[in-house]
Amino acid sequence: PAGVYRDGMEFNHPLLARTAGTHSGELPKRWGLLDIAPQNVVVSALKPSADGTAVLRVYEATGQPTAAKLRLSATVEAAEEANLMEDSGHKLAVADNGLQFDLRAFEIKTIKLRLGAHAALSR
């Protein structure tokens, strides 16, 4: 696939980097909060919810049904599907701070994540 959807998203939402001075901390030199595969699965939102969970919204961008794999660098205590109004749906199995789910062609999926105390998203 040409990846035009990614090129457009990167053009409209450029990465903004800030330089920070050296300071102590526990993070490695390379780190990411979330890893999602395959490439046709796009994260469109990660935000706090009114009920204290984190809401992740993803979509399939190429018109191909796919099995998505998601892994977070945070403790995921529970996960469940939700509708676009963020009403809870059926629970998803969590293993090793990750989960797998199917996406139909062009489907948007909302997932509510209950994260460990140290990973809570601030409002």
Side-chain angles (χ1 to χ4, degrees):
V4 173
Y5 61 93
R6 264 194 210 281
D7 292 341
M9 195 165 57
E10 290 169 0
F11 179 79
N12 288 317
H13 304 283
L15 177 65
L16 300 176
R18 301 284 187 254
T19 303
T22 304
H23 53 84
S24 62
E26 299 177 19
L27 294 177
K29 291 192 180 287
R30 182 181 166 121
W31 181 86
L33 177 62
L34 103 96
D35 185 28
I36 193 157
Q39 285 194 325
N40 61 319
V41 180
V42 179
V43 174
S44 63
L46 176 62
K47 65 184 192 84
S49 177
D51 65 4
T53 61
V55 173
L56 176 71
R57 190 159 292 128
V58 299
Y59 65 92
E60 193 290 316
T62 62
Q64 302 173 353
T66 192
K69 295 179 183 177
L70 165 76
R71 186 165 191 293
L72 278 90
S73 296
T75 303
V76 180
E77 296 175 350
E80 59 189 356
E81 286 190 17
N83 62 23
L84 289 175
M85 297 298 294
E86 300 175 10
D87 300 320
S88 296
H90 78 274
K91 298 202 181 302
L92 297 170
V94 176
D96 192 28
N97 297 318
L99 48 133
Q100 296 182 12
F101 51 91
D102 292 326
L103 284 169
R104 295 185 307 270
F106 302 115
E107 180 180 15
I108 300 168
K109 191 162 282 204
T110 303
I111 299 170
K112 293 173 82 171
L113 303 164
R114 188 164 22 96
L115 303 176
H118 295 295
L121 297 177
S122 61
R123 293 194 70 117

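Side-chain atoms are counted along with the backbone in the values below, which use heavy atoms only and exclude waters and symmetry mates.
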L103 vs T66, test: side chain to side chain contact (heavy atoms under 4.5 Å, CB included). Steps then yes/no.
CA-CA 5 Å; L103 284 169; T66 192; 4.1 Å; yes

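- With hydrogens and angles ignored, the 3.5 Å screen pairs no side-chain donor or acceptor of E10 with any backbone N or O of P14.
- Here the side chain of E60 pairs a donor or acceptor atom with the backbone of T62 at under 3.5 angstrom.
- Taking every heavy atom of both residues into account, E86 and S49 meet most closely at OE1-OG, 3.5 Å.
- Considering CG of L56 and CG of L34, their distance stands at 6.5 Å, rounded to 0.5 Å.
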Side chain to side chain contact (heavy atoms under 4.5 Å, CB included) between D96 and V76, intermediate numbers included
CA-CA 8 Å; D96 192 28; V76 180; over 6 Å; no

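- E77 meets the side chain to side chain donor-acceptor pair (under 3.5 Å) test with R114; sequence neighbours excluded.
- Of all heavy-atom pairs between A61 and F106, the closest is O-CE2, 3.6 Å.
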Set out, in order, the CA-CA distance, both residues' side-chain angles and the distance that settles side chain to side chain donor-acceptor pair (under 3.5 Å) for R57 and T110, then state yes or no.
CA-CA 4 Å; R57 190 159 292 128; T110 303; 2.9 Å; yes

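- Between the CD1 atom of I111 and the CG atom of L92 there is a distance of 6.0 Å, given to the nearest 0.5 Å.
- Interatomic distance, CZ of R71 versus CG of N97, reported as 6.0 Å (0.5 Å rounding).
- Within 6.0 Å of CD on Q39 lie no more than 12 heavy atoms contributed by other residues, nucleotides or ligands.
- Hydrophobic clustering (ILVMFWY, side-chain heavy atoms < 4.5 Å, transitive): I108 and V42 are in one cluster.
- Closest heavy-atom contact between E107 and R104: OE1-N, 2.8 Å.
- Side chains of L99 and L113 form a contact here, defined as non-hydrogen atoms less than 4.5 Å apart.
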After noting the C-alpha distance and the side-chain angles of H90 and E80, does the key distance pass the side chain to side chain contact (heavy atoms under 4.5 Å, CB included) rule?
CA-CA 6 Å; H90 78 274; E80 59 189 356; over 6 Å; no

Under the criterion side chain to side chain contact (heavy atoms under 4.5 Å, CB included), I'd like the reasoning laid out for F101 against L70: C-alpha separation, chi angles, the key distance, then a yes or no.
CA-CA 9 Å; F101 51 91; L70 165 76; 4.3 Å; yes

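- Using a distance-only test at 3.5 Å, with no hydrogens or angles considered, a donor-acceptor pair links the side chain of N12 to the main chain of G8.
- Scanning both residues, A67 and P38, for their nearest heavy atoms gives O-CD, 3.5 Å.
- Every side chain to side chain donor-acceptor pair (under 3.5 Å) that K112 has, sequence neighbours left out, goes to D51, S88.
- At a threshold of 4.5 Å between side-chain heavy atoms, the hydrophobic network of Ile, Leu, Val, Met, Phe, Trp and Tyr places V58 and L33 in one connected group.
- Cluster annotation: F11 is not connected to V43 through the hydrophobic network of ILVMFWY side chains, with a link wherever side-chain heavy atoms come within less than 4.5 Å.
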